[in-house]
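Quick note: numbers below take in every heavy atom, side chains included, and nothing from hydrogens, waters or symmetry partners. Just so it is clear: chains get the letters A, B, ... in the order the sequence lines come, proteins before strands, and each one is counted from 1.
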Amino acid sequence: MQLRLYDTLMRSKRLFEPLDPARVRMYVCGPTVYDFAHIGNARPVIVFDVLFRLLRHLYGPERVVYARNITDVDDKIIARATEEHPGLPLNEAIRIVTEATDRQFHEDVEALGCLPPTIEPRATGHIPEMRALIERLIGDGHAYVAADHVLFAVGSMPEYGMLSKRSLDDMLAGARVDVAPYKRDPMDFVLWKPSKPGEPSWPSPAGIAVEGRPGWHIECSAMAWKHLGETFDIHGGGIDLVFPHHENEIAQSRCAFHTPIMARTWMHNGFLQVEGEKMSKSLGNFITIRDLRAEWPGDVIRFQMLMTHYRQPIDWTRSATEQAAQALEGFRQVITTAQARDGRLSTPVLEALADDLNTPQAIVELHRLAAEARRGNFHAACDLRSTCRFLGLTLAGDSLQDIRKRQRGDIDEAHIAALIDARTKARAARNFAESDRIRDELGAMGVVLKDSKEGTTWEIAG
RNA sequence: GGCCACGUGGCGGAGUGGUUACGCAGCGGUCUGCAAAACCGUUUACCCCGGUUCAAUUCCGGGCGUGGCCUCCA
């Protein structure tokens, strides 16, 4: 089976061939740990988890290295720590913020069915590598020291701008920010900057006397280098990272190692909106993974995410969540009633995934398997179970009815049972006017009845 | 303002230079006292205007709309 992936650099789907099939290497930009992860953060985590699973299947679980970093030194972290723990020393406050956020993030992604990456490097654990990179860049004339900062000289790299398809001229034309006076070129970016008093700080490179801290982009170049090497196979993240973050990573790594590439394939997931609007705190439609998890199992959130191809924009809506929950419930029932065991991974699903992670197409196949299983094909039920699990959908949690009951919270089961009992008596007496009246009364409460030979059961309406 | 994406039926959402995916909803049928569930069948589409072509939803140009980046926001 051939894997084809869309490469942002080439703007086309290309056959994926690892540099070393015995060690397939992927790097994905992870979270900055200062606040609860939101549903937009969940997208790359889920998307690249699917890719991780597929790579493990294609090349062998032991032959895939997936690195997803944790950024634990950053302006926003400092700001949050200062704000939340004004009485504490800054470093102590930062530790509290990053540790709590880190823990929450891992609870969230585990609930979303994501495998742990092979390695989760932290920025603060790679300061020596960052300094080494910076020294190299300065030595080769790709970076310079100015006002206790180290800056990358974009003019030293003719191909700067390739990934985001913009020239230095374009960028200048669009610039809306004041340029720091010490920059040689307005587009030069910070590799290292001096720390203010109290801020996290480390000995600076390049003979700078005052202590400092890294710029935003250098950490990823350093961590990718340490754990994956000078060049590797796949680099992923959200589309908003294309510029400047990934553009700058490429500049740093390629210039430091004199390589024609940093990663062979650059992958970017599309942006996410909420109910047709940009998600923002000011609009009040900011959805954290934690909020969503309070209402829905991680399976449902994951499935909803996979209903849309990863490169498409996705509009996160309540009705789409309902639809995801419903579809998943269909699969769950098929697997449960058939008492399905382990089956085979669906080849059409693998083929859909191998075509640039076409998860909607894969879901089509899940529906087909479910339909076949409902017609009595036991093997289809088993295959559905295994394939869902492969996709990270356990289907092991609450039924949709349990979820709805929990969400409603106001279900008076005794009252419902009493009404059903009265209706059963009416039906036995063939008083259908009364039995229908009771059913309508329950219907108004959102309760739907199901009559069978074994008796009457009820459900919450969808 | 500059650069880059996206725009498919009531909703979600793939895909393709010509044979109208798929799911939900709707409609018809089987089943049922009537329903619900399940199963069978089925209607509705490719933002607008040009161009290329025997043929465009699919390629090219323009417009409109939405979004992203240029403000260390995935």
Side-chain angles (χ1 to χ4, degrees), chain A residues 8 11 28-32 34-35 37-48 71 74-76 161 163-167 169-178 186-187 189-190 193 214-217 219 236-245 247-248 268-273 276-281 286 304 306-309 311-315 317 319-327 330 333-334 337 352 355 358-368 370-371 374-376 427 430-433 435-436 439-440 443 447-452 456-459 461-462:
Chain A
T8 306
R11 308 273 154 148
V28 174
C29 290
T32 299
Y34 72 102
D35 201 355
H38 56 68
I39 186 62
N41 299 115
R43 173 114 102 143
V45 172
I46 292 169
V47 163
F48 290 105
T71 296
D74 171 271
D75 288 347
K76 287 191 299 293
L163 182 70
S164 54
K165 290 260 191 294
R166 52 179 97 186
S167 67
D169 289 344
D170 288 341
M171 292 185 242
L172 278 180
R176 298 193 306 201
V177 204
D178 290 338
M187 296 314 296
F189 58 91
V190 171
K193 57 187 169 188
W216 174 34
H217 318 293
E219 59 175 77
I239 196 162
D240 56 317
L241 292 181
V242 170
F243 189 88
H245 186 54
E247 195 73 72
N248 291 353
H268 295 94
N269 61 270
F271 222 70
L272 178 145
Q273 283 182 274
E277 286 186 308
K278 180 189 169 84
M279 179 167 71
S280 73
K281 286 179 179 163
F286 204 82
Q304 181 178 356
L306 297 182
M307 290 197 313
T308 303
H309 182 89
R311 279 192 282 118
Q312 289 292 109
I314 182 170
D315 186 12
T317 62
S319 73
T321 311
E322 285 284 350
Q323 203 175 306
Q326 221 174 110
Q333 279 181 11
V334 160
T337 56
D355 181 16
N358 192 338
T359 51
Q361 182 60 47
I363 289 170
V364 166
E365 182 60 16
L366 298 183
H367 280 294
R368 201 193 61 74
R374 275 192 289 262
R375 281 184 221 108
R427 288 181 73 210
R430 301 198 64 81
N431 183 354
F432 295 124
S435 80
D436 287 352
R439 186 173 59 202
D440 290 345
V447 173
V448 181
L449 298 183
K450 297 167 76 170
D451 296 326
S452 73
T456 299
T457 57
W458 61 276
E459 289 185 350

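Picking from rC22(B), rA35(B), rG68(B) the nucleotide with the shortest atom distance to the side chain of Asp240(A) gives rG68(B). Checking rG13(B), rC4(B), rA21(B) against every side-chain atom of Pro360(A), the shortest atom distance belongs to rG13(B).
Within 3.5 Å, a donor on the side chain of Asp436(A) pairs with an acceptor on the base of rG33(B), or the reverse. In this model, no side-chain donor or acceptor of Arg166(A) finds a partner on the base of rC4(B) within 3.5 Å.
The shortest distance between the side-chain N/O atoms of Thr308(A) and the OP1/OP2 oxygens of rG13(B) is below 4.0 Å. Remark: Gln326(A) is in phosphate contact with rA25(B), judged by side-chain N or O atoms under 4.0 Å from OP1 or OP2. At rC40(B), one or more side-chain N or O atoms of Arg375(A) fall inside 4.0 Å of OP1 or OP2 (strictly under the cut-off). Contact annotation: Lys450(A) does not reach the phosphate of rA35(B) (side-chain N/O to OP1 or OP2, under 4.0 Å).
When each of Thr317(A) and Arg430(A) is assigned the nucleotide of RNA chain B bearing its nearest heavy atom, the one mapping closer to the 5' terminus is Thr317(A). With the nearest nucleotide of RNA chain B identified for both Ile363(A) and Cys29(A), Ile363(A) has the one nearer the 5' end.
For the C1' atom pair drawn from rC48(B) and rG7(B), the interatomic distance equals 11 Å after rounding to whole Å. Atom C1' of rU57(B) sits at a distance of 13 Å from the matching atom of rG9(B), rounded to the whole Å. As rounded to the nearest Å, rG12(B) and rA25(B) have P atoms that lie 15 Å from one another. Nucleotides rU8(B) and rU66(B) have their P atoms positioned 14 Å apart, rounded to a whole Å. One C1' atom belongs to rA37(B), the other to rG29(B), and the distance between them is 16 Å to the nearest Å. Here, rU58(B) and rC46(B) have their C1' atoms 9 Å apart, quoted to the whole Å.
Partner assigned to rG10(B) is rC24(B), using Watson-Crick or G-U wobble distances below 3.5 angstrom.
Using a 4.0 Å heavy-atom distance criterion, Ser435(A) is classed as a base contact. Within the 4.0 angstrom heavy-atom criterion, no nucleotide atom of any strand lies near His217(A).
Aromatic stacking is marked for Phe271(A) over rA74(B), as both cut-offs hold: 5.5 Å for the centres and 30° for the planes. Evaluation of Phe432(A) against the base of rG33(B) yields a stacking contact (centre distance < 5.5 Å, interplanar angle < 30°).
With rounding to the nearest 0.5 angstrom, the CZ atom of Arg439(A) is 7.0 Å from the CG atom of Asp451(A).
Classification of the Trp216(A)-His245(A) ring pair by plane angle, with boundaries at 30° and 60°, yields parallel.
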